[in-house]
Every structure is written in C-alpha cells, then in structure tokens.
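Here's the structure, in structure tokens; my notes come after.
Position 1 is the first residue of the sequence; numbering continues from there.
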Amino acid sequence: VLRDVGTGEETYWVLTVGTTFTGLTSIQASLVSDSTVNLATSPTTHVATAAIPVASLVAGYIYAVRLPAGSYEQYLGTQYTVVGGGTGGTINSFISKDVQMWRAYADRSPIDGQG
C-alpha cells in the first residue's frame, strides 16, 4: 500500500535535540518507509541528513526539511546511523505542516510566560 504524505500541502520532517549528546562523533538520520512495522524488510529512504557532528547536537538544535513528493509505504519512521559511543542525548522526530511556527517550551511552563 503506497500513500501520499501531506496530499497537496507542504509537509516537513523535523528533528529536534531534546537532551545534549556527549561522547559521539556524529549521527545521521534517515526518514524511511516500509511495508512492515519494524522498518526492516526493505525500507525506502525518502530523505537523509548528512552526518551531524556531536558539537551541533545540543538541546534546542532543529533540523527541518520539506518532505519530497512521492509514494510512501504504510509505515513511516526514522532510522539513525551513530558514529562513536556516547552516554546520553535524545532526538525527537516528527512530521509538521507549520515548522516555522514550532516552538519548544520547558515542561510545565505557562504559555503566556506568567508564573
């Protein structure tokens, strides 16, 4: 089953670093789709980052790219190629229609800046 992600609207793949990475050399991320839920049968790579050096992988880092047109298989996910060993760090990966309006807020912080 092939799907058209975003159907006629600009849609973006966004990566954000939630927790700063340490001890790695770099990470490369790829947005893939596949016919199986574990993305292991024969994943199709739709877009991939270059190797992102660890010095850039600090909390608040944002990478966004418009999804290329095309047919996507039923399951969509992110796969990572990690170079070097590390002790921490997190990446959030998601699809968004309004990447330029996305903002990160501290946990439990009021949106209006009060309190």
Side-chain angles (χ1 to χ4, degrees):
V1 176
L2 299 178
R3 303 181 190 292
D4 181 9
V5 177
T7 312
E9 296 186 44
E10 290 187 8
T11 307
Y12 298 87
W13 175 46
V14 182
L15 299 172
T16 64
V17 174
T19 305
T20 300
F21 280 83
T22 58
L24 301 177
T25 302
S26 65
I27 292 179
Q28 179 183 23
S30 301
L31 181 69
V32 300
S33 68
D34 200 348
S35 60
T36 60
V37 70
N38 63 0
L39 304 172
T41 303
S42 57
T44 300
T45 300
H46 298 282
V47 64
T49 69
I52 304 168
V54 70
S56 297
L57 296 172
V58 297
Y61 173 84
I62 298 174
Y63 172 88
V65 63
R66 185 175 175 194
L67 288 182
S71 297
Y72 293 75
E73 294 179 79
Q74 182 175 0
Y75 299 98
L76 189 64
T78 304
Q79 293 181 334
Y80 301 96
T81 303
V82 178
V83 177
T87 57
T90 60
I91 293 180
N92 305 300
S93 174
F94 56 94
I95 305 297
S96 176
K97 288 180 19 181
D98 298 313
V99 70
Q100 65 274 18
M101 299 301 292
W102 184 85
R103 300 285 184 270
Y105 295 98
D107 290 345
R108 300 189 229 319
S109 66
I111 299 294
D112 64 3
Q114 306 284 321

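- When all heavy atoms of Thr78 and Ala29 are compared, the closest pair comes out as CG2-CB, 4.2 Å.
- Not one N or O on the side chain of Gln74 forms a donor-acceptor pair closer than 3.5 Å with the backbone of Ser35.
- Within the structure, the salt bridge (Lys or Arg N to Asp or Glu O under 4.0 Å) test picks out no pair touching residues 12-21 (sequence neighbours left out).
- Side-chain contact annotation: Tyr75 with Glu73, donor-acceptor N/O pair under 3.5 Å absent.
- Atom CD1 of Ile52 is separated from atom OH of Tyr80 by 9.5 Å, given to the nearest 0.5 angstrom.
- To the nearest 0.5 Å, atom CD1 of residue Ile91 and atom CZ of residue Phe21 are 4.0 Å apart.
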Taking only distance into account, with no hydrogens and no angle test, what donor-acceptor pairs under 3.5 Å do side-chain atoms of residues 54-68 form with protein atoms, sequence neighbours excluded?
none

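- Across all non-hydrogen atoms, the minimal contact from Ser33 to His46 is OG-NE2, 2.6 Å.
- Smallest separation of non-hydrogen atoms from Leu39 and Gly77: CD1-CA, 3.7 Å.
- Scanning both residues, Asp34 and Ser42, for their nearest heavy atoms gives OD2-N, 3.2 Å.
- Considering only residues two or more places apart in sequence or on other chains, Thr90 meets the side chain to side chain donor-acceptor pair (under 3.5 Å) condition with Thr19.
- Partner Ser30 forms a side chain to side chain contact (heavy atoms under 4.5 Å, CB included) with one of Thr45, Thr44, Thr49 and no other, that one being Thr45.
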